[in-house]
Protein chains: 2
Amino acid sequence: MERGLLPYFFGRSSVYMSPARTTSGAPISSIGRGIAVLACFSARFRSLTLSELSAKSKLPMSSTHRVVAELVTGGFLVRGNDKRYRIGTRLWSIAQLAPVSEQLRERSLPTLARLYEETGENITLAVLDRGQALYVDRLVGERSIPSVARAGGHLPLHTTGVGKVLLAYQPKENIEKYLSRPLQRPTPYSIADPVRLLAELTEVRAQGYSVTRQEMTAGSGSVAVPIMRGGRAIAAVGVVAHLAKLDVNRLVATLTAAANTIAHELEDDH
Amino acid sequence: MERGLLPYFFGRSSVYMSPARTTSGAPISSIGRGIAVLACFSARFRSLTLSELSAKSKLPMSSTHRVVAELVTGGFLVRGNDKRYRIGTRLWSIAQLAPVSEQLRERSLPTLARLYEETGENITLAVLDRGQALYVDRLVGERSIPSVARAGGHLPLHTTGVGKVLLAYQPKENIEKYLSRPLQRPTPYSIADPVRLLAELTEVRAQGYSVTRQEMTAGSGSVAVPIMRGGRAIAAVGVVAHLAKLDVNRLVATLTAAANTIAHELEDDH
DNA sequence: AGCCCGGTTCCGCTCAATGGAACGGGGGCT
DNA sequence: AGCCCCCGTTCCATTGAGCGGAACCGGGCT
């Protein structure tokens with residue numbers, strides 16, 4: 001029954017200098033830790049070991065172990081035969097209820113499928129999310145260019161077709177805020193000069209579509225149009241193809257029709 | 001500076017009978033609570049208010065409030081203009097890294113799109129998950145039947161085309177375990193008799209495809225085939241259509257070809 | 001004006017969560 | 001084989017983060 005009056009003379013708890021959560025700089029909540037662990041996964045790291053999670057999340061091994069165990073029992077993580085952790089179906093299943101998936105993706109999909117069949121090229125659908133283009137879905141053909149875009153992934157606004165459209169239709173202040181930050185240049189063709197970019201955005205808004213040429217990936221270009229709703233561009237559809245095969249006029253026509261169909265589809269309930 | 005020696009004579013903390021988490025029957029961890037809150041969302045409830053979350057999760061209002069606030073700062077929940085909570089894009093974004101999405105869905109999508117264009121009917125792709133058919137994706141046409149299946153949703157194995165295929169190719173013991181539990185009957189045509197069902201599963205395995213007629217929804221039927229890999233059915237593709245329009249032979253041929261294409265597609269890396 | 005109801009804030013009380021340390025165990029290198 | 005190293009697991013004393021009842025707030029409806 002005695003407790004708390006242990007050694008003090010020989011090793012052990014004499015060095016017990018760091019209790020609970022004083023050591024770690026940031027006092028994150030339990031739930032925050034759970035999220036931090038889940039956020040360790042990325043396109044490059046779709047499966048991770050416990051120690052990798054511990055390293056990436058900056059959490060001590062024992063803490064990581066406990067958090068991960070709870071996420072596993074909750075079905076948010078699964079451990080494969082290779083002893084590596086992956087995102088679980090439970091998490092995925094819940095995520096499908098996100099508006100972006102349930103309302104936008106599902107309803108657009110048939111139209112995207114038709115677009116894919118008509119063009120035979122990569123089709124992408126994206127929305128603006130946290131200052132980046134969030135790819136809501138994509139359709140990649142066997143013969144089409146390998147695209148960096150990935151469903152669920154983020155890419156810069158100024159180097160992608162869909163991104164430029166989404167940015168162009170933003171209120172002036174948001175555009176200026178975006179331009180004020182330093183802009184990445186994934187390729188030598190990327191437009192990072194605020195003045196040039198602003199001019200191009202004005203043009204995009206005027207003509208109703210955007211074009212990119214090797215601004216994200218060498219050798220490929222893209223065309224994109226907005227999906228309008230209530231005067232705002234709520235999403236963008238685009239085609240990514242070999243630079244040489246990029247028939248802008250034809251694609252603009254096809255894309256605009258598809259965008260209208262989707263916009264119409266979204267009108268329905270609520 | 002004084003503390004802990006307050007009233008005791010007049011109201012207040014004299015009734016302080018329930019500390020920390022003694023009241024609630026189950027001693028759930030913080031992370032468990034976070035998951036419990038997220039799990040309140042469903043196809044019927046894609047947006048919820050705080051009190052609804054509190055009621056569904058069986059957590060006290062104040063606790064729910066705190067948990068929800070943490071999920072919001074983590075981007076796992078968002079609060080809309082209507083003050084209702086929804087699943088956030090951050091959660092969705094991470095979820096796309098789940099194997100079921102990244103490896104199965106994305107790779108199958110082009111083939112599903114083609115299938116959709118060829119048939120003009122509802123296309124579904126599902127895997128076995130927690131004793132149910134988990135719909136990995138679906139394509140619904142404007143003119144095709146409204147389907148109950150929803151990407152991310154679960155349906156019983158014995159009342160759906162894809163479900164019967166998935167169950168049929170399971171090891172004998174799993175089949176028996178499934179049959180030993182009481183089976184739902186969404187429609188009068190649903191097969192809930194273990195003996196009849198077992199016979200049908202054997203037939204499915206023999207002929208390589210399954211057929212349902214009004215077993216899940218009145219007026220509609222379906223055909224489905226397995227996607228095989230290493231001798232196991234890792235997924236199933238199906239078509240749902242009006243009962244009258246269900247041309248089984250033609251669909252089996254089309255679906256089998258598509259399933260082979262997908263299976264081949266999955267062979268690649270790892 | 002009064003009421004109700006969803007939501008927010010407050011606060012004293014603990015116990016669940018914490019992380020250092022010790023322990024296991026498998027696989028690769030010598 | 002023997003060794004070591006690294007990944008993972010278990011243990012445990014400590015305490016502050018999480019807890020939930022209660023009071024408070026504000027807007028819509030009666």
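Side chains are part of it too, since the values below use all heavy atoms of this structure and drop only hydrogens, waters and symmetry mates. First the proteins, then the strands, lettered A, B, ... as listed; each starts at 1.
Using a 4.0 Å cut-off between charged nitrogen and carboxylate oxygen, A:Arg84 and A:Glu52 count as a salt-bridge pair.
The phosphate of D:dA17 (OP1 or OP2) has no side-chain N or O of A:Ser29 nearer than 4.0 angstrom. The shortest distance between the side-chain N/O atoms of B:Arg79 and the OP1/OP2 oxygens of C:dT8 is below 4.0 Å. Phosphate proximity of C:dG7 to B:His65: absent, as no side-chain N or O sits under 4.0 Å from OP1 or OP2. Close to C:dG19, at under 4.0 Å from its OP1 or OP2, lies a side-chain N or O of A:Arg33. Residue A:Arg66 has no polar side-chain atom (N or O) positioned under 4.0 Å from OP1 or OP2 of D:dG8.
The separation between A:Leu53 atom CG and D:dT9 atom C1' is 16 Å, rounded to whole Å. In this structure, CD of A:Glu70 is placed 13 Å from C1' of D:dG18, rounded to the nearest angstrom. As rounded to whole Å, 14 Å separates atom C1' of D:dG21 from atom CG of B:Leu59. Separating the CD1 atom of A:Ile31 from the C1' atom of C:dA17 is a distance of 13 Å, rounded to the nearest angstrom. Atom CG of A:Asp82 is separated from atom C1' of C:dG27 by 16 Å (rounded to the nearest Å). Note: CG (B:Leu71) to C1' (D:dG18) measures 14 Å, nearest angstrom. Rounding to whole angstrom units, NZ of residue A:Lys83 and C1' of D:dC7 are separated by 12 Å. Rounded to an integer number of Å, the gap from B:Met61 CE to D:dG20 P is 13 Å.
Side-chain N/O atoms of A:Thr89 and B:Asp129 include a donor and acceptor closer than 3.5 Å.
Ranking C:dT8, C:dG20, D:dT9 by closeness to the A:Pro60 side chain, first place goes to C:dG20. Checking C:dA17, D:dG8, C:dT8 against the side-chain heavy atoms of A:Ser30 singles out C:dA17 as nearest. Of the candidates D:dT9, D:dT10, C:dT8, the closest approach to any side-chain atom of A:Ser62 belongs to D:dT10.
Side-chain contact between A:Leu71 and A:Tyr85 is absent, with no heavy atoms from C-beta onward closer than 4.5 Å. By the 4.5 Å heavy-atom criterion applied to side chains, A:Gln96 and B:Trp92 are counted as neighbours.
Taking the C1' atoms of five terminal pairs at each end of the helix from C:dA1-D:dT30 to C:dT30-D:dA1, the two resulting helix axes are inclined by 40°, rounded to 10°.
Between B:Ala236 and B:Val165 the shortest heavy-atom distance is CB-CG1, 4.1 Å. In terms of heavy atoms, A:Val67 sits closest to A:Gly34 at CG1-CA, 3.9 Å. Considering all non-hydrogen atoms of both residues, B:Gln184 and B:Thr159 come closest at O-CG2, 4.3 Å.
B:Ser63 comes within contact range of at least one nucleobase, with a heavy-atom separation under 4.0 Å.
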